[in-house]
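So the structure is just underneath, and the comments pick up after that.
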Amino acid sequence: MPPNKQRNHKMDFKNLIAHCKEYGFIFPSSEIYDGLSAVYDYGPYGVELKNNIKDYWWKSMVQMHENIVGIDAAIFMHPKTWKASGHVDAFNDPLVDNKDSKKRYRADQLIEGYVEKIEAKNLKDIEKARARFGDAFDEAHFRATNDRIIERQKQIDTVLDRLAQAMKAGDMEELKAMVDEYEIVCPESGSRNWTEVRQFNLMFSTQLGNIAGEEGKLYLRPETAQGIFVNFLNVQKSTRQKIPFGIAQIGKAFRNEIVARQFIFRTREFEQMEMQFFIRPGTEMEWYHYWKEARLKWHKALGTDPAKLRFHDHVNLAHYANAAVDIEFEFPFGFRELEGIHSRTDFDLSQHQELSGKKIQYFDPELNESYVPYVVETSIGCDRMFLAMISDAIREETVPDAEGQDSVRTVMKLHPVLAPVKAAVLPLLKNKEELTKAAMDVFDKLKLSFICQYDEKDAIGRRYRRQDAIGTPYCITIDFETLENNTVTIRERDSLEQKRVHISEVKQHIQDGIAMEQLFV
RNA sequence: GCGGAAGUAGCUCAUUUGGUAGAGCAUCAGCCUUCCAAGCUGAGGGUCGCGGGUUCGAGUCUCGUCUUCCGCUCCA
């Protein structure tokens, strides 16, 4: 690469992580005790950036939609919540690895697959018999009298019974014994070289004191959505919302991931920004597409490189969905899911209705009937959004130094709305009291409106670079001309251009640059 | 979980065949500085990830352990 050419270096992932730590964005958790795997703390600039992301999301949902309201439900919920949501069953898997193919399977599914094979043989015999006897064929009678089928059915019943008991008891050894006994092979490698069956519970459990037995067991929520669903009636009645309407929530969720990796991309404790939109059944595709486009627009408004954003349709749908799409972002390690938009049907509300015994329905005056609303969900990982913004913004640039020679600057080109520090106030020299005093005056005024920094240490160029490294969009410099006519220079982070403006206009200038309104037009 | 790499100052790294740790930047104090990093003087800061072993002697060799990073599957 020619040395004098302007260039943008994409920072590698390792450097990005180092930068996040060095400049107070993200620290490894409990570092003085050797760290805690895949847990991270947000530092002084990290928490500002994260709060700004949350603020943008919240305003775009709650403030910009008169039919979306927010809640903040607790992390602890009644244990039945997770029975209803399907998490107790779906998040509680007996897993077994095949040592040859390195593939991981659910042991119960392997055993069920074995049962299906036996049943397939029965069906084959039944079809043969049907062909032989024609219209006179009575399947029930055939099943009850044919020796081979009776024998196989007995076998099936035994296996299923054993499986049910083992699953109920959480007996992993029994499951392993079954896999061995029935000589179940890996569909991939065809081998029977299995590891032990181990139980992976994806939900964190804890206990509520002073309650005996099973009742005392609680889960930390694995998603915030259920806090919204169980409050559907409370919110709808107290705010008199009419369908369609939405409920938004930002909060922590916890999943005991088997492997947590890639910095803050996949962590066991994470923050979600979820909005559940309640609609009339039959209109779900219309709203699904509406939110799909609305959410992509939200991302693009931040000036994120459009080439790094794309949709990815789900082929295999989760148990609760009838349509699902991801918004993927190109992280330093490739395109990964950043946000999900799911058409959840009436699965969740119906489940809660059934398990709670409470009627969870909405009376639609236009149709003059009651129904369980359908739901379209938008769910974005806050930490993932943070990582997306950091990795999109950070770069190493070659810019001219004082002598016009090449020098490297590390700059975070965050959208000013998201920038942790909005402005830095810098006296040109620190050993001239007139300058430092004038600068302090400007700083004291600006700090009433924005997160600002005052810095007088080191040469002015170095101070600019320090602000570039944390993404501060504006640097206000107080020089000797300030003392004469009350003007200062405002240096813009991305263009490096300086404008001279009157002190009385500085606040408005910054205000215009960081205003969230610009993202909503 | 399996395979590969690595852990030395706040950061980036050095310490040649084992002889009880250094540099640059950063930090702090002072001097100097009229707009885009690296001016001068001085100071503080390290149980060389942790534990065991070999050795007169281990940052260096060996074993274990922990942590992190990079690949393989699901999720926000």
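Chain letters run A, B, ... following the sequence lines, proteins first, then strands; residues in each count from 1. These numbers come from a predicted model, not from an experiment. All values below were derived from every heavy atom in this structure, side-chain atoms included, with hydrogens, water molecules and symmetry-related copies excluded.
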Give A:T477 one of three labels, base, sugar-phosphate or nothing, depending on what nucleic acid heavy atoms sit under 4.0 Å from its own.
-> base
With centres under 5.5 Å and planes under 30° as the test, does A:Y464 stack with B:rA37?
-> no
Measure from the side chain of A:R462, starting at C-beta and using heavy atoms only, and say which of B:rC25, B:rU68, B:rU27 lies closest.
-> B:rC25
Considering only heavy side-chain atoms of A:F333, the closest of B:rA76, B:rU33, B:rG71 is B:rG71
Look at all strands and tell whether A:K21 reaches a base, only sugar-phosphate, or nothing, counting heavy atoms closer than 4.0 Å.
-> sugar-phosphate
Look at all strands and tell whether A:L426 reaches a base, only sugar-phosphate, or nothing, counting heavy atoms closer than 4.0 Å.
-> nothing
Given pairs defined as Watson-Crick or G-U wobble with both distances under 3.5 Å, what dot-bracket annotation applies to RNA chain B, with ( ) intrastrand, [ ] crossing, | other strand and . unpaired?
-> (((((((..((((.....[..)))).(((((.......))))).....(((((..]....))))))))))))....
Plane angle bin for A:F229 and A:H352 - parallel if under 30°, tilted between 30 and 60°, otherwise perpendicular = tilted
Where each residue is assigned the nucleotide of RNA chain B containing its nearest heavy atom, which of A:A459 and A:R466 is assigned the position nearer the 5′ end?
-> A:R466
Parallel, tilted or perpendicular: rings of A:F333 and A:F331 (30°, 60°) = parallel
Looking at B:rC69, B:rC35, B:rU12, which one has an atom nearest to any side-chain atom of A:F13?
-> B:rC69
A:Q272 has its side chain closest, among B:rA26, B:rC35, B:rA76, to B:rA76
Picking from B:rC35, B:rA76, B:rC32, which would you name as closest to the side chain of A:K430?
-> B:rC32
Of the nucleotides B:rC69, B:rC32, B:rC36, which one has an atom closest to the side chain of A:K14?
-> B:rC69
For B:rG7 versus B:rU62, give the span between their P atoms, rounded off to a whole number of Å.
-> 14 Å
Could you please name the option among B:rC11, B:rC28, B:rC35 that lies closest to any side-chain atom of A:E22?
-> B:rC11
Which nucleotide in the list B:rC35, B:rC32, B:rA76 gets nearest to the side chain of A:E337?
-> B:rA76
Taking the inter-plane angle between the rings of A:W298 and A:Y56 on a 0 to 90° scale, is it parallel (under 30°), tilted (30 to 60°) or perpendicular (over 60°)?
-> parallel
Comparing nearest nucleotides in RNA chain B, the 5'-proximal residue of the pair A:N431, A:H342 is A:N431
